[in-house]
There are 2 protein chains.
Amino acid sequence: MGSCLAERLSHYLELTENEHAALDGIEAQQRHCKRGTILRREQDRARELFVVRSGWLQSHVVLGDGSRQIMRFFFPGDIIGLSSLALDHSPETIVTVSDASVAAFNREKLCDIFENHPRLAALIFTVTMAERVSISDRLASIGRTSARARVASILCEIFARNRVMLKGELSELQLPLTQEDLGDATGLTAVHVNRMMRGLMDDGLIARSGNKVRLVDEKRLASEANFIDRYATIDTSWLPPAR
Amino acid sequence: MGSCLAERLSHYLELTENEHAALDGIEAQQRHCKRGTILRREQDRARELFVVRSGWLQSHVVLGDGSRQIMRFFFPGDIIGLSSLALDHSPETIVTVSDASVAAFNREKLCDIFENHPRLAALIFTVTMAERVSISDRLASIGRTSARARVASILCEIFARNRVMLKGELSELQLPLTQEDLGDATGLTAVHVNRMMRGLMDDGLIARSGNKVRLVDEKRLASEANFIDRYATIDTSWLPPAR
DNA sequence: CGACCCCTTGATTAGCCTCAACAACCGTGG
DNA sequence: CCACGGTTGTTGAGGCTAATCAAGGGGTCG
């Protein structure tokens with residue numbers, strides 16, 4: 001019943017009691033959602049943020065011609081909706097990819113953190129900067145690498161990010177994503193994702209059974225994908241002292 | 001001789017004297033660079049940030065096969081290097097695209113802002129969130145739109161972002177970018193960028209003479225590009241009070 | 001003036017998309 | 001229990017977009 005956000009941030013820094021107290025209020029309202037629930041639509045007025053407590057989500061936009069681009073997947077511990085802080089209408093649609101539970105909190109809470117807990121604010125800032133790097137990595141992947149490398153890269157990212165919260169080993173994972181989801185995240189069609197995954201299987205880089213995927217040769221997979229794990233550690237040395 | 005960062009932030013919010021004072025120290029060391037100067041290499045140890053005072057810059061990565069992806073262009077008033085706050089080695093190379101002058105400041109300064117100027121910290125946070133949205137827009141552009149739309153989109157973005165500082169009218173702009181730069185930013189080859197620009201010219205959407213580009217029919221250009229200006233206004237209503 | 005960079009255009013190739021058909025696997029209701 | 005529709009995965013054939021390869025032109029700088 002602790003805060004998921006606190007748990008996530010604790011991976012990078014030991015929080016003080018004061019800081020814990022500030023985060024405790026955040027996840028008061030928890031909400032359980034079935035797979036496919038739309039938490040927010042593009043252009044919705046967005047005044048609240050979410051912390052993922054369990055399950056996976058994604059955010060996407062739909063372009064003029066009906067095609068969809070998935071911007072990002074979200075896993076337990078992730079904060080959703082920071083990007084709509086700057087805009088008062090949401091730039092993207094947010095949907096659950098599996099059954100999930102999220103905790104909503106509003107901007108005022110974040111405001112309070114900036115005002116009274118500078119170290120916490122700076123830490124959140126830093127974590128979102130790591131996210132930004134990871135989005136940029138995806139940009140390079142989509143812009144400059146082959147279909148095969150893109151699929152390899154999204155798999156690496158999913159595994160790497162899930163490791164942060166699960167800590168330790170993780171070579172097999174139940175993917176609640178369809179191949180169309182993977183395609184919309186990598187800028188490919190579902191058909192082509194299918195072919196690429198078959199290729200990765202045939203070459204012994206991954207293995208599948210049902211929805212489960214196992215990274216058989218993660219080193220080679222990461223190397224083909226040009227993948228770098230941005231989440232393993234983050235630098236907190238510059239943060240102000242805790243208050 | 002005021003702070004460029006202060007000027008940029010003032011576009012979104014009226015800064016107090018205290019806040020101005022905090023920003024004044026930032027741009028003490030100014031540095032003039034010729035076009036093509038590398039300010040930072042991928043993997044460099046990065047302890048400082050930059051504010052652009054004049055000129056344009058870009059950040060990019062080079063992939064295993066030698067291809068280059070430009071992550072972002074930077075214009076006067078932009079902060080460079082925030083993404084390396086989280087990592088102690090730079091994820092990208094930073095280069096001047098034209099002659100430019102930048103002011104370097106170090107993390108301690110930012111730390112001070114978080115500690116003593118919560119409103120300023122929150123504002124910087126908000127601006128970087130707007131940037132994140134803009135990066136996501138590029139992701140969708142590269143992932144899901146045609147070459148023509150991508151070129152249209154990068155042009156729209158360049159104009160929109162330059163308008164923030166220049167304020168007011170801006171329909172013609174001297175681009176210090178080569179077509180290869182545009183290609184590396186949009187995930188295309190220089191050759192294909194050339195053809196797309198010709199197409200946009202022939203259809204009367206843009207006009208060129210030398211390096212100058214003019215948006216003739218910006219509305220149609222933006223619509224073809226699926227472009228949305230994320231910088232025009234940003235929401236500052238949630239910020240804590242100034243201190 | 002030559003070397004280099006950048007732009008431009010044409011011809012050909014390759015990677016990924018589209019369309020299509022079918023199989024496997026659900027949850028639902030009869 | 002099975003029949004059913006709906007969704008997802010799989011595979012093949014063919015087409016289109018953008019890459020590649022190639023050649024030439026203009027501009028600029030030493």
Side-chain angles (χ1 to χ4, degrees), chain A residues 34-36 56 58 63 65-70 95-99 141-155 174-202 206-213 224, chain B residues 34-36 58 63 65-70 95-99 141-155 174-202 206-213 224-225:
Chain A
K34 290 202 88 61
R35 172 193 149 101
W56 294 14
Q58 48 99 333
L63 300 182
D65 63 351
S67 64
R68 180 179 73 151
Q69 174 70 45
I70 292 185
V95 192
T96 55
V97 153
S98 66
D99 292 353
S141 172
I142 295 180
R144 284 292 184 221
T145 74
S146 68
R148 178 180 166 106
R150 292 190 224 172
V151 171
S153 157
I154 195 87
L155 291 176
Q174 170 96 13
L175 292 198
L177 307 169
T178 66
Q179 295 184 349
E180 184 160 11
D181 290 333
L182 291 174
D184 287 343
T186 51
L188 300 168
T189 58
V191 172
H192 210 61
V193 168
N194 182 288
R195 290 192 231 268
M196 296 302 107
M197 291 194 72
R198 162 145 304 284
L200 293 174
M201 269 179 74
D202 292 349
I206 65 173
R208 285 183 304 163
S209 62
N211 282 344
K212 284 215 182 80
V213 172
E224 273 204 35
Chain B
K34 291 202 88 62
R35 173 193 150 103
Q58 48 98 335
L63 301 182
D65 63 351
S67 64
R68 180 179 73 152
Q69 173 70 45
I70 292 185
V95 192
T96 56
V97 152
S98 66
D99 291 354
S141 172
I142 294 180
R144 284 293 186 221
T145 74
S146 69
R148 179 180 164 107
R150 292 189 224 172
V151 172
S153 158
I154 195 88
L155 291 176
Q174 171 96 12
L175 293 197
L177 307 169
T178 66
Q179 295 184 350
E180 184 160 11
D181 290 333
L182 291 175
D184 287 342
T186 52
L188 301 169
T189 57
V191 172
H192 209 60
V193 167
N194 183 288
R195 290 192 232 269
M196 295 303 105
M197 291 193 73
R198 161 144 306 282
L200 293 174
M201 268 179 74
D202 292 349
I206 65 174
R208 285 183 304 164
S209 62
N211 282 344
K212 282 216 184 79
V213 172
E224 273 204 35

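Since the structure is predicted, the reported quantities are computational estimates derived from the model, not experimental observations.
- In terms of the side-chain contact (heavy atoms from CB on, under 4.5 Å) criterion, residue partners of B/Val191 (sequence neighbours excluded) are, by chain and number, B/Thr189, B/Arg195.
- Side-chain nitrogen and oxygen atoms of A/Asn194 include at least one within less than 4.0 Å of the OP1 or OP2 phosphate oxygen of D/dT10.
- DNA chain D is contacted by both A/Arg144 and A/Arg208; A/Arg208 maps to the nucleotide lying nearer its 5′ end (nearest heavy atom per residue).
- Between B/Val191 and A/Leu177, it is A/Leu177 whose nearest contact on DNA chain D lies nearer the 5' terminus.
- Across all strands, B/Arg150 comes closer than 4.0 Å to no nucleic acid atom at all (heavy-atom distances).
- Rounded to an integer number of Å, the gap from CG of A/Leu182 to P of D/dG9 is 8 Å.
- Listed pair B/Gln179 / C/dC5 fails the phosphate criterion, with no side-chain N or O lying under 4.0 Å from OP1 or OP2.
- Counting only heavy atoms from C-beta on, A/Leu188 has its side chain closest to C/dC17 among D/dA18, C/dC17, D/dT8.
- A/Arg195 contributes a side-chain N or O that forms a donor-acceptor pair with the base of D/dG12 under 3.5 Å.
- Put simply, CZ on A/Arg198 is 14 Å from C1' on D/dG12, counting in whole angstrom units.
- Phosphate proximity of C/dC26 to A/Arg35: absent, as no side-chain N or O sits under 4.0 Å from OP1 or OP2.
- The shortest distance between the side-chain N/O atoms of B/Thr189 and the OP1/OP2 oxygens of D/dA18 is not below 4.0 Å.
- If you take CD of A/Glu180 and P of C/dT18, they are 11 Å apart, rounded to a whole angstrom.
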